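As the structure lists them, so they are numbered: ligands from 1, and atoms in each ligand from 1. Everything numeric in this text was worked out from a predicted model, so none of it was measured.
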Amino acid sequence: MAKTIIFLGPPGAGKGTQAEKLQKNFGFVHISTGDILREAVSKGTELGKIAKRYMEEGKLLPDDLIIGIIEEKLKQLKDKNIILDGFPRTVKQAQALDELLKKLGRKVDAVILFQISDEEVIRRLSGRRIDPKTGKVYHIEFNPPPKNIEVIQRDDDKEEVIKKRLQIYHSQTSPLIEYYKKQNKLIAVDATKPPQEVYNEIISMIQL
Ligand code: AP5
């Protein structure tokens, strides 16, 4: 059966960074709801127009809208090993995911919980920079971009929005920790370590 792994954790915990590594080294398909929404915003689609309003304020989009997007993706990727990064983010999304996967004859195999403090998240996100041409993610302190590259900052990486995103994570997303603990699927990793150490910890804990 194709594998489904969820990356759960606060904004800026390094979920995207690790998902890219697993995609590159093990051929997982990386599904990031944030990336899907940012692409829609940059193309100015109907979805993008709605998403922009929510994302700028650090708020979550309505569950049904996001569940619909994931349903389409899952149908297209029936036999692929996938990493879900940024979904589910509410208990309603998690319940919908369980139903969708069941219909497709698959299940959540593991949920990796990225553990990190709010202070560290603020430090990481306020220093995050992106190469708009390649989408490659840098950090001004931990992984500085080459001098010849013009990088940009995400609109929601401003300090007031980061604080709002953290608040929403603690109130709406952190209940998923209990949800997956009860299903015996939760694997916690120390996300404060350097990227390669976090990666080694993840691959030692999931069966690939
Ligand atoms: P989304 O794009 O999913 O944002 P997020 O969860 O807040 O996650 P980030 O992308 O900010 O962080 P990350 O954990 O991937 O960290 P990264 O690897 O980049 O969502 C954005 C918005 O979309 C939401 O606010 C919401 O509005 C909407 N949305 C998305 N999904 C939704 C859903 N399911 N329902 C409703 N709305 C939804 O790393 C961060 C930085 O740290 C980088 O600079 C990186 O270089 C650096 N770094 C990474 N790892 C390390 C390390 N180990 N040590 C030092 N530095 C590191």
Side-chain angles (χ1 to χ4, degrees), residues 6-23 30-42 47-48 50-71 73 83-97 112-131 135-145 151-158 160-174 176 189-202:
I6 293 173
F7 279 5
L8 177 66
K15 304 180 297 293
T17 301
Q18 296 301 329
E20 286 301 311
K21 280 178 179 281
L22 278 160
Q23 168 159 290
H30 173 200
I31 304 176
S32 155
T33 38
D35 286 349
I36 294 170
L37 297 174
R38 275 183 290 280
E39 197 187 332
V41 172
S42 75
L47 169 66
I50 300 170
K52 193 168 188 292
R53 284 191 280 124
Y54 287 90
M55 294 170 87
E56 274 174 356
E57 292 181 32
K59 291 185 184 157
L60 296 184
L61 272 81
D63 284 333
D64 292 339
L65 188 60
I66 294 287
I67 291 164
I69 295 171
I70 289 292
E71 183 170 14
K73 280 272 165 206
I83 293 173
L84 289 170
D85 163 13
F87 181 92
R89 257 173 150 101
T90 63
V91 171
K92 187 172 171 193
Q93 291 181 16
Q95 288 165 339
L97 177 65
I112 309 292
L113 173 65
F114 288 66
Q115 291 183 305
I116 187 166
S117 68
D118 287 4
E119 294 69 38
E120 188 59 25
V121 160
I122 293 170
R123 193 161 158 225
R124 282 194 186 175
L125 290 186
S126 40
R128 174 163 61 184
R129 297 292 182 274
I130 294 156
D131 176 354
K136 200 165 168 13
V137 177
Y138 297 96
H139 190 283
I140 49 174
E141 199 182 326
F142 308 128
N143 178 22
V151 288
I152 55 163
Q153 187 174 24
R154 258 169 59 173
D155 284 340
D156 59 351
D157 280 350
K158 312 268 156 63
E160 340 64 86
V161 188
I162 297 172
K163 286 187 176 151
K164 179 77 193 162
R165 288 161 66 199
L166 274 168
Q167 200 187 331
I168 288 183
Y169 172 77
H170 291 300
S171 61
Q172 300 194 39
T173 307
S174 69
L176 294 182
V189 298
D190 178 359
T192 61
K193 291 181 183 163
Q196 190 59 38
E197 285 182 38
V198 178
Y199 175 75
N200 292 342
E201 201 175 327
I202 293 172

Query raised in the report: With only distance considered, is Tyr54 within less than 3.5 Å of ligand 1 through an N or O on each side?
Result: no
Report summary line: Here the gap from Asn143 atom CG to Lys136 atom NZ, rounded to the nearest 0.5 Å, amounts to 6.0 Å
**Report entry** Exam field: side chain Gln18 to backbone Pro195, donor-acceptor pair closer than 3.5 Å
**Finding:** yes
Query raised in the report: Any chance NZ of Lys52 has more than 12 other-residue heavy atoms, nucleotides or ligands included, within less than 6.0 Å?
Result: no
Report task. Could you check atom 37 (N) of ligand 1 against the protein and tell me its nearest heavy-atom contact, residue, atom and distance included? Result -> Leu61 N, 3.0 Å
Query raised in the report: To the nearest 0.1 Å, how far is atom 43 (C) of ligand 1 from its closest protein heavy atom, and which atom is that?
Result: Val137 CG1, 3.6 Å
Report summary line: Counting heavy atoms under 4.0 Å, the part of Phe114 that contacts ligand 1 is neither
Report summary line: For His139, the ligand 1 atoms with a heavy-atom partner under 4.0 Å come out as 44 (O), 46 (O)
Query raised in the report: Does Lys164 come within less than 4.0 Å of Glu160, counting only side-chain N to carboxylate O?
Result: no
Query - Leu84/Ile70 under side-chain contact (heavy atoms from CB on, under 4.5 Å): CA gap, chis, key distance, verdict - result: CA-CA 9 Å; Leu84 289 170; Ile70 289 292; 4.2 Å; yes
Query raised in the report: Hey, is ligand 1 close enough to Asp157 that some N/O pair sits below 3.5 Å?
Result: no
Query raised in the report: Of all the non-hydrogen atoms in the protein, which one sits nearest to atom 23 (O) of ligand 1, and at what distance?
Result: Met55 CE, 3.4 Å
Requested in this report: Kindly say whether Gly86 contributes a backbone atom to a donor-acceptor pair with the side chain of Arg89 at under 3.5 angstrom?
Outcome: yes
**Report entry** Under 4.0 Å to a heavy atom of Gln93 - the qualifying atoms of ligand 1, by number
**Finding:** 33 (C), 34 (N), 35 (N), 36 (C)
Query raised in the report: Among protein heavy atoms, which sits nearest to atom 19 (O) of ligand 1, and what does the distance come to when rounded to 0.1 Å?
Result: Arg128 NH1, 2.6 Å
**Report entry** Heavy-atom donor-acceptor pair, Gln23 side chain to His30 backbone, under 3.5 Å
**Finding:** yes
Report summary line: One finds that the ligand 1 atoms under 4.0 Å from a non-hydrogen atom of Leu37 are 23 (O), 28 (C), 29 (N), 30 (C)
Query raised in the report: Can Ile36 and Ile31 be said to form a side-chain contact (heavy atoms from CB on, under 4.5 Å), step by step?
Result: CA-CA 8 Å; Ile36 294 170; Ile31 304 176; 4.1 Å; yes
Requested in this report: Report the nearest protein non-hydrogen atom to atom 24 (C) of ligand 1: residue, atom name, distance rounded to 0.1 Å.
Outcome: Arg89 NH2, 3.9 Å
Requested in this report: Identify, for atom 56 (N) of ligand 1, the protein heavy atom at the shortest distance, and state residue, atom and that distance.
Outcome: Phe142 CD1, 3.4 Å
Report task. Check for a donor-acceptor pair, side chain of Ser42 on one end and backbone N or O of Glu39 on the other, with a separation under 3.5 Å. Result -> yes
Query raised in the report: Looking only at distance, does Asp35 have an N or O less than 3.5 Å from an N or O of ligand 1?
Result: no
Query raised in the report: Do any heavy atoms of Asn143 fall under 4.0 Å from ligand 1?
Result: no
Requested in this report: Considering the heavy atoms of Lys59, write down every atom of ligand 1 situated less than 4.0 Å from one of them.
Outcome: 26 (C), 27 (O)
Query raised in the report: Taking only heavy atoms of Pro194, which atoms of ligand 1 are found under 4.0 Å from at least one of them?
Result: 53 (N)
Query raised in the report: What residue and heavy atom of the protein are closest to atom 31 (N) of ligand 1, and at what distance?
Result: Thr33 OG1, 2.7 Å
Query raised in the report: Any idea which protein heavy atom is nearest atom 16 (O) of ligand 1, and the distance to it?
Result: Gly14 N, 3.2 Å
Report summary line: If we number the atoms of ligand 1 from 1 as shown, the ones under 4.0 Å from a heavy atom of Gly12 are 8 (O), 9 (P), 11 (O), 12 (O), 13 (P), 14 (O), 16 (O), 40 (C)
Query raised in the report: Looking at ligand 1, does any of its N/O atoms fall within less than 3.5 Å of an N/O of Gly16?
Result: yes
Query raised in the report: Would you say Arg129 contacts ligand 1, with heavy atoms under 4.0 Å as the rule?
Result: no
Report task. Within a distance under 4.0 Å of any heavy atom of Tyr138, pick out the atoms of ligand 1 and give their elements. Result -> 43 (C), 44 (O), 46 (O)
Report task. Give a yes/no on ligand 1: does Arg38 have at least one heavy atom closer than 4.0 angstrom to it? Result -> yes
Report task. Using distance alone, determine whether Thr17 and ligand 1 share an N or O pair under 3.5 Å. Result -> yes
Query raised in the report: For ligand 1, is there an atom lying under 4.0 Å from some heavy atom of Ala13?
Result: yes
Query raised in the report: Under 3.5 Å, is there a donor-acceptor pair between the side chain of Arg129 and the main chain of Ile140?
Result: no
Query raised in the report: Got a salt bridge between Arg165 and Asp157, using NZ or NE/NH1/NH2 to carboxylate O under 4.0 Å?
Result: yes
Query raised in the report: Any N or O of Ile66 that comes nearer than 3.5 Å to an N or O of ligand 1?
Result: no
Query raised in the report: Run the side-chain contact (heavy atoms from CB on, under 4.5 Å) check on Ile130 and Arg154 step by step: do they pass?
Result: CA-CA 8 Å; Ile130 294 156; Arg154 258 169 59 173; 3.6 Å; yes
Query raised in the report: Does ligand 1 have an atom under 4.0 Å from some heavy atom of Gln18?
Result: no
Query raised in the report: Any donor and acceptor pair, going by atom type alone, linking the side chain of Lys15 with main-chain N or O of Pro10 inside 3.5 Å?
Result: yes
Query raised in the report: Strictly by modelled atom types, are Gln153 and Lys158 linked by a side-chain donor-acceptor pair under 3.5 Å?
Result: no
